[in-house]
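See structure below.
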Amino acid sequence: MTKTAAIIGGGVIGGGWAARFLLNGWNVRVFDPDPEAQRKIGEVLDNARAAMPGLYDMALPGEGELSFHESMTEAVQGADWIQESVPERLDLKREVYRQLQSACSEDAVIGSSTSGFKPSELQGGATRAGHIIVCHPFNPVYLLPLIEVVGTEANTPGFLDHAEGLLREVGLHPLRVRKEIDAHIADRFLEAVWREALWLVRDGIATTEEIDDAIRMGFGLRWAQMGLFETYRIAGGEAGMRHFIAQFGPCLEWPWTKLMDVPDLTDELVETIAGQSDAQSGQHSIRELERIRDANLVGMMRSLKARDWGAGALMNAHDKLLNATRRVPETLDDIADLARPVLTLDRAVPLDWTDYNGHMNEARYLQAFGDASDRLMMIVGCTTDYIASGGSYFTAETHIRHLDEVRAGARIRVETQVLLGAGKKLHLFHRMYEGDRELATGEHLLIHVSLETRRASDPAPQVAEPLARLAAAHATLERPKGAGAAVGPR
Ligand SMILES: NC(=O)C1=CN([C@@H]2O[C@H](COP(=O)(O)OP(=O)(O)OC[C@H]3O[C@@H](n4cnc5c(N)ncnc54)[C@H](O)[C@@H]3O)[C@@H](O)[C@H]2O)C=CC1
Ligand SMILES: C[N+](C)(C)CC(=O)CC(=O)[O-]
């Protein structure tokens with residue numbers, strides 16, 4: 001049966017919770033006295049619909065039903081989960097629990113999004129204290145999986161397990177906080193970093209942008225994939241965590257931070273930290289951890305690169321710089337000898353193009369050959385301006401032969417021979433190499449189209465003429481081995 005979530009308070013965080021439940025197939029019932037709440041939640045949902053499905057390889061379930069209610073008591077009717085996300089005021093939150101517990105089902109979970117209140121504070125005065133727990137999310141709730149789950153002795157272990165099971169069903173990662181504490185775990189870090197940043201700004205040491213760069217160009221990237229302890233284990237070199245503490249422990253007493261209340265690094269504390277670090281990560285050698293870290297970082301940075309944002313924008317600027325030294329032509333005039341296959345791609349194989357077999361994944365051959373076709377189109381005049389004017393090529397047929405494997409970091413190039421370039425047809429034969437080693441061939445038939453009618457059409461003279469020149473020069477070349485081959489044993 002479809003589960004139901006009641007969202008009490010539909011602001012920044014409540015809207016994110018609504019999206020998380022709804023896009024995972026739950027029905028969602030919202031109560032928020034703000035007359036703008038429906039519009040705001042609608043806008044959050046639009047963003048979530050655009051972003052969340054892209055996280056997964058499997059399709060999400062169909063969306064549940066979304067409804068808005070005039071009263072809290074109506075909204076919580078039949079709800080399996082009630083998520084309170086009203087402003088961070090203890091009196092308000094307690095009043096909300098008092099009202100909703102008079103109307104909700106007796107076994108409904110009541111999760112609070114509170115950033116800092118302890119569950120015992122929230123439970124004080126409640127009718128059924130054992131049904132209220134902290135479920136602290138991170139913005140945006142529909143993308144970030146962490147939920148800090150905090151209970152008290154009033155909550156039975158079975159109740160916390162049940163709540164965590166429901167959170168997992170909607171793709172969240174519940175982290176059970178062992179003992180209640182103000183601001184749970186993550187917000188204590190955020191507050192410490194935030195306070196230190198405010199000091200740096202106040203003292204004129206750094207601007208907000210410089211502080212943000214100090215995070216996003218450096219340790220922020222590391223934290224996103226390995227956290228603090230695993231990162232520092234590696235930073236200790238082969239001797240790991242113990243060496244890291246021996247080297248950097250004393251710095252904690254130096255004025256490296258405004259927050260100077262430092263715990264004594266007793267042997268017992270060092271043993272506890274090092275022992276827990278062994279239990280957490282000791283199954284991997286430092287070198288293995290380095291490789292895992294690097295693969296994670298590459299994956300993250302490549303996605304930032306695709307978004308041209310932060311460290312990714314930096315990499316794109318560097319790419320442009322590198323491109324200046326590349327040999328790939330942009331126009332026919334850049335080619336010294338037309339009667340040779342044209343260099344259409346010259347690049348490295350990034351780590352995230354490789355797969356479980358430790359070599360470039362088959363899908364990336366098509367990507368590389370697709371990029372090579374794009375470059376050949378550009379060379380003969382089918383440029384972005386030409387495409388904007390309404391003409392382009394669509395690929396109608398593709399045949400890739402995998403001849404040899406290639407690994408991450410290799411420099412690959414594609415040389416392209418035009419087998420036919422006349423009328424609507426553009427028949428290309430790409431050969432991919434690493435050095436002298438032939439890795440693959442790609443044979444592609446492209447058809448010129450009108451982007452207005454979406455039908456085949458003859459190319460305009462600014463494409464037809466250069467293409468005819470290149471095709472005539474390539475007609476003098478030997479027909480490549482494998483051209484026109486069907487799938488089967490070689
Ligand atoms: N904004 C953030 O980054 C995060 C906030 N939180 C926590 O989430 C909770 C909500 O914070 P935000 O969403 O940021 O605040 P917000 O101000 O964006 O939203 C609060 C919503 O509650 C509504 N509201 C006020 N009184 C209400 C009532 N009696 N019944 C129902 N709705 C009521 C308001 O109209 C508003 O739409 C807080 O406890 C906060 O600490 C948790 C994680 C991150
Ligand atoms: C600033 N904050 C304390 C409200 C932050 C959070 O609670 C979590 C987050 O999303 O950063």
Side-chain angles (χ1 to χ4, degrees), residues 5-21 28-45 47-48 67-77 79 81-104 110-119 121-123 126 132-150 167 172-175 177 180-198 208 211-212 215-216 220 223-224 227:
I7 301 297
I8 307 302
V12 174
I13 290 302
W17 276 106
R20 168 68 67 173
F21 283 118
V28 170
R29 299 163 67 87
V30 180
F31 170 69
D32 189 315
D34 178 2
E36 292 288 302
Q38 197 157 340
R39 176 187 61 77
K40 290 182 188 165
I41 289 191
E43 288 171 9
V44 173
L45 276 172
N47 284 350
S67 55
F68 292 85
H69 299 269
E70 290 296 317
S71 72
M72 193 178 332
T73 46
E74 184 186 298
V76 298
Q77 298 289 321
W81 187 287
I82 300 165
Q83 187 66 29
E84 168 275 300
S85 306
V86 303
E88 192 75 350
R89 277 179 28 220
L90 189 56
D91 59 332
L92 176 62
K93 288 181 186 283
R94 283 182 168 182
E95 175 56 21
V96 163
Y97 307 140
R98 197 190 57 73
Q99 283 185 39
L100 65 83
Q101 282 200 322
S102 69
C104 73
I110 302 171
S112 171
S113 297
T114 179
S115 296
F117 292 126
K118 293 184 283 208
E121 292 172 314
L122 301 175
Q123 290 168 350
I132 300 170
I133 54 177
V134 168
C135 287
H136 176 235
F138 293 80
N139 191 30
V141 185
Y142 54 81
L143 289 184
L144 299 188
L146 181 65
I147 301 292
E148 294 179 303
V149 175
V150 203
L167 291 171
L172 291 165
H173 176 84
L175 176 66
V177 179
E180 66 169 8
I181 181 171
D182 295 290
H184 331 308
I185 298 173
D187 273 351
R188 298 185 75 83
F189 291 126
L190 292 180
E191 290 295 301
V193 173
W194 178 228
R195 198 175 297 120
E196 203 64 52
L198 295 177
T208 57
I211 291 171
D212 282 352
I215 295 170
R216 66 188 178 153
W223 278 4

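Counting starts at 1 for both ligands and their atoms, following the listed order.
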| Could an N or O of ligand 1 be found under 3.5 Å from any N or O of Glu88, whether backbone or side chain? | yes

| request: Please determine if Asp34 and Lys40 form a salt bridge, counting it only when a charged side-chain N lies under 4.0 Å from a carboxylate O. | output: yes

| note | For Pro137, the ligand 1 atoms with a heavy-atom partner under 4.0 Å come out as 43 (C)

| query | Quick one: which ligand 1 atoms are inside 4.0 Å of a heavy atom on His136? | reply | 42 (C), 43 (C)

| Numbering as shown, the atoms of ligand 1 that approach Phe31 to under 4.0 Å (heavy-atom distance) | 30 (N), 31 (C)

| With a 4.0 Å heavy-atom cut-off (strictly under), which part of Lys93 contacts ligand 1: side chain, backbone, both or neither? | side chain

| message | Can you confirm whether Ile147 sits close enough to Trp17 that some side-chain heavy atom of one is under 4.5 Å from a side-chain heavy atom of the other? | response | yes

| said: Using a 3.5 Å cut-off on N or O atoms only, is Pro33 in polar contact with ligand 1? | reply: no

| request: Could you pull out all residues at least two apart from Glu148 that satisfy side chain to side chain donor-acceptor pair (under 3.5 Å)? | output: His136

| Taking heavy atoms and a distance under 4.0 Å, where does Lys40 meet ligand 1: side chain, backbone, both or neither? | neither

| field | Residue pairs involving residues 183-196 (criterion salt bridge (Lys or Arg N to Asp or Glu O under 4.0 Å); sequence neighbours excluded) | value | none

| said: Can you list every protein residue that has a heavy atom under 4.0 Å from any atom of ligand 2, sorted by chain and residue number? | reply: Ser115, His136, Pro137, Phe138, Asn139, Asp187, Leu190

| request: Determine, considering heavy atoms only, which of Ile13, Val86, Asn139, Asp187 sits nearest to atom 9 (C) of ligand 1. | output: Val86

| field | N or O pair under 3.5 Å between Pro87 and ligand 1 | value | no

| task | Check for a donor-acceptor pair, side chain of Arg20 on one end and backbone N or O of Ala48 on the other, with a separation under 3.5 Å. | result | no

| message | Checking the N or O distance criterion of under 3.5 Å, is ligand 1 in contact with Ser115? | response | yes

| request: Could you tell me which atoms of ligand 1, counted from 1 in the order shown, lie closer than 4.0 angstrom to a heavy atom of Asp34? | output: 35 (O)

| task | Taking side chain to side chain donor-acceptor pair (under 3.5 Å) as the test, write out the residues that go with Thr208, two or more places apart. | result | none

